[in-house]
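Predicted model, so just to flag it, every value in this text is computed and none were measured. In listed order, ligands and their atoms are each counted from 1.
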Amino acid sequence: MRTPTMRAVVMREFGGPETLRIEEVPAPQPASLRERDVLIRVRAVGVCYHDIINRSGNLPRTRLPSILGHEIAGEVEAVGSGVQAFRAGDRVATIQRVHCGRCDLCRRGRTTLCKEGVFFGEEIPGGYADYVVSEEQGLARVPEGLAIEEASICACTIGTALHVVRARGGVQLDETVLITGASGGVGLHTIQVCRLIGARVLAVTSSPQKADDLRKAGADEVIVAPSLKFAEQARRLTSGRGVDVVLEITGALTFDQAMRSLAPAGRLIVVGNLETRPVSFMPGLVILNELEIRGSFATTTPELSESFRLVGEKKVRPMVSRLMPLSDAPRAHQILYDRGVTGRIVLQV
Ligand SMILES: [Zn+2]
Ligand SMILES: [Zn+2]
């Protein structure tokens with residue numbers, strides 16, 4: 001008997017968008033599911049800058065050939081023998097990286113740091129395909145009334161925002177928060193979560209035409225900095241004091257300016273990095289101002305569920321800016337790379 005196949009966007013080598021090709025590949029089978037596995041019929045998958053970094057060959061754990069896509073939503077097709085929480089027909093969405101739930105870090109609640117964690121599109125096949133398999137601890141139920149396209153992006157945008165703003169940033173009412181790369185998917189939702197907490201938001205973008213979108217998303221001030229020099233303006237907007245928190249979504253490109261924007265006792269939380277290269281900073285600045293530099297990685301499953309709750313209560317809005325068919329994955333990558341979109345592109349499967 002022939003193995004049933006599925007459509008998938010397969011990446012057989014690293015390189016430009018043209019390395020993404022739609023193919024017929026063997027589909028994962030219900031009979032081969034392990035105990036905690038859930039087989040999902042994919043309906044929507046978000047296109048994330050992480051996918052571009054991965055496609056370019058800049059993530060060390062990716063094994064080729066690979067299927068990208070970690071922002072996945074769809075319906076449960078079948079479950080492994082040990083799965084209790086889900087059954088066929090349930091609408092579900094994934095987090096980006098599935099934890100084991102058993103190691104010491106998982107037991108301490110730091111599941112995003114799980115030693116055995118597997119990232120869709122890196123260690124395991126992702127969602128640019130008709131079907132995907134995830135262990136159940138990486139899934140949350142999509143509430144009724146939430147469109148599957150919106151559900152797909154909640155983990156990597158709103159969930160990531162909750163993780164960086166609250167869990168890692170400890171952002172408080174009335175603090176001033178500066179956000180770099182604010183017009184991307186994570187940025188727009190991070191603005192919303194900061195506003196929900198009652199923080200004042202300074203949003204940085206390199207493109208003047210995105211300023212309006214940032215204001216609409218809730219930014220109190222927009223700093224347009226085509227040259228990525230924004231520290232001086234950040235100080236001006238805080239009466240010379242500097243900001244309490246920088247949420248660094250751009251990473252290495254803006255790290256120095258981010259450090260120079262901080263008030264004494266400020267926190268710099270690094271959550272995104274568009275260019276994988278080292279940075280330098282003045283240790284003296286960190287000592288004299290007792291600055292803190294922290295990292296923030298991905299999303300926990302409870303944060304995904306909470307994202308759904310906040311969307312249901314209309315406190316945060318998932319910003320899908322464009323829907324495209326799965327076969328348009330290469331074009332979606334090009335548009336995202338050219339910064340031709342505010343918010344997320346979602347591929348419909
Ligand atoms: Zn993502
Ligand atoms: Zn673990």
Any carboxylate oxygen within less than 4.0 angstrom of a Lys/Arg side-chain nitrogen, looking at [X] and [Y]?
{"X": "Arg36", "Y": "Glu136", "value": "no"}
{"X": "Asp244", "Y": "Arg267", "value": "no"}
{"X": "Arg166", "Y": "Glu306", "value": "yes"}
{"X": "Asp213", "Y": "Lys210", "value": "no"}
{"X": "Arg63", "Y": "Glu122", "value": "no"}

Polar protein atoms (N, O or S) that approach the Zn ion (ligand 1) to under 2.8 Å: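 Sorted hits: Cys48 SG, His70 NE2, Glu71 OE2, Cys156 SG.
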Okay, side chain of Thr5, backbone of Pro26: is any donor-acceptor separation there less than 3.5 Å?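 No; zero donor-acceptor contacts below 3.5 Å.
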Would you please indicate if the ring centroids of Phe119 and His50 are separated by under 6.0 Å?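 Phe119 vs His50: aromatic centres under 6.0 Å.
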Is the Zn ion (ligand 2) less than 2.8 Å from an N/O/S atom of Cys103, whether that atom is in the backbone or a side chain?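 Yes, within the cut-off.
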Geometry at the Zn ion (ligand 2) - Cys114 SG versus Cys106 SG angle, rounded to 10 degrees: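 Angle SG(Cys106)-the Zn ion (ligand 2)-SG(Cys114): 110°, rounded to 10°.
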